[in-house]
Amino acid sequence: MAADVTGPSPRTTVRRGKNRAVHDTDQVHAILAAGVVAHVGVTTDDGPIVLPMAYGVRNDEILIHGAVANAMMKAGRSLDVCITVTIIDGLVVARTPFHNSMNYRSVVVRGVATAIDDPADKMAALKVINDHIAPIWDTARAPSESDFKKTLVLAVPLDEVSAKVRGEDPIDEDIDMDGPHWAGVVPLTSTWGEAVSAADLRGTPEVPAAVADLNGTSAK
Ligand SMILES: Cc1cc2nc3c(=O)[nH]c(=O)nc-3n(C[C@H](O)[C@H](O)[C@H](O)COP(=O)(O)OP(=O)(O)OC[C@H]3O[C@@H](n4cnc5c(N)ncnc54)[C@H](O)[C@@H]3O)c2cc1C
């Protein structure tokens, strides 16, 4: 059951392109379900840093994980972070470059990241993150205690959330409409391919069904 995404807070109010702002809970969750990479931004003593990461969504929170030694993950613990998930759907080519754009679906989550320390909850959260694209957690070897200890899991509540969706033609000016220049959209689609076995694979283990099933499906 998707958690309710509340309306915009003052800092998650889309200012420009307001017509593209989405506050529909189901749509927010659909974008998060379809996305592959989260860009996680934190402020550190060194200055701001934004890193791409895997993520998962559990009811009312977005989850990320990383090495305990990861500077950004450490910095993010108990601090305000910003997590952005972006799916690009097309290149929008206008009659003049000023109006070039992209079609996209994006979600921005802002909030305080809390470390999940309870072992059972942490293990459950790791499963959610790892199963986000291909659910193989239950069929692969479980993490060792050492791996588990070396991993930090952070959760950010899906309270301050905004989404923006653009899915339309270029918006050109009247002066260009009868001109000679082309305008339109180049759709962008990514698709998972057929799984390629590791060169060092021993024996004849089968490709897990959840991995094989990705073949030909959309990697948004
Ligand atoms: C692939 C892609 C390419 C883009 N390229 C550009 C570009 O080149 N130049 C440019 O100015 N803008 C670009 N945008 C739009 C950009 O993300 C902002 O939406 C835009 O700059 C307007 O910001 P603002 O001043 O309203 O937001 P701000 O006032 O900076 O932000 C206020 C709040 O609005 C919300 N918000 C803002 N943008 C988004 C978003 N995209 N998705 C979800 N929530 C959002 C956040 O919660 C944020 O905290 C691009 C977006 C995408 C997805």
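All heavy atoms count here, side chains included; hydrogens, waters and symmetry mates do not. Indexing begins at 1, ligand by ligand and atom by atom, following the structure's order.
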Please tabulate, for the side chains in residues 194-217, all donor-acceptor contacts under 3.5 angstrom to protein atoms that are two or more places apart in sequence or on a different chain.
| unit_1 | atom_1 | unit_2 | atom_2 | d |
| --- | --- | --- | --- | --- |
| Asn215 | OD1 | Glu194 | N | 3.3 |
| Thr217 | OG1 | Leu214 | O | 2.6 |

(message) Salt bridge or not between Asp138 and Lys127? Use side-chain N to carboxylate O under 4.0 Å.
(response)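 Judged by the 4.0 Å cut-off on N to carboxylate O distance, Asp138 and Lys127 do form a salt bridge.
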(request) Scan for salt bridge (Lys or Arg N to Asp or Glu O under 4.0 Å) pairs involving residues 82-97, sequence neighbours excluded, and state none if there are none. (result)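 Every salt bridge (Lys or Arg N to Asp or Glu O under 4.0 Å) pair that includes a residue of residues 82-97, provided the two are not neighbours, is Asp89-Arg105, Arg95-Asp172.
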(request) Could you list who else is in Val185's hydrophobic cluster, with ILVMFWY side chains joined at under 4.5 Å, directly or through other members? (result)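 Joined to Val185, directly or through intermediates: Val92.
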(message) Any donor-acceptor pair under 3.5 Å linking the side-chain atoms of Glu160 with those of Thr12?
(response)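 Per modelled atom types, Thr12 and Glu160 side chains form no pair under 3.5 Å.
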(message) At less than 4.0 angstrom from any atom of ligand 1, which residues have a non-hydrogen atom? List them by chain and residue number.
(response)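 The 4.0 Å shell around ligand 1 contains Arg11, Thr12, Thr13, Val14, Arg15, Arg16, Thr86, Met102, Tyr104, Ser106, Val108, Arg110, Ser162, Ala163, Lys164.
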(message) In the structure I gave you, are the side-chain heavy atoms of Leu32 and Ile62 within less than 4.5 Å of one another anywhere?
(response)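 Leu32 reaches Ile62 side chain to side chain.
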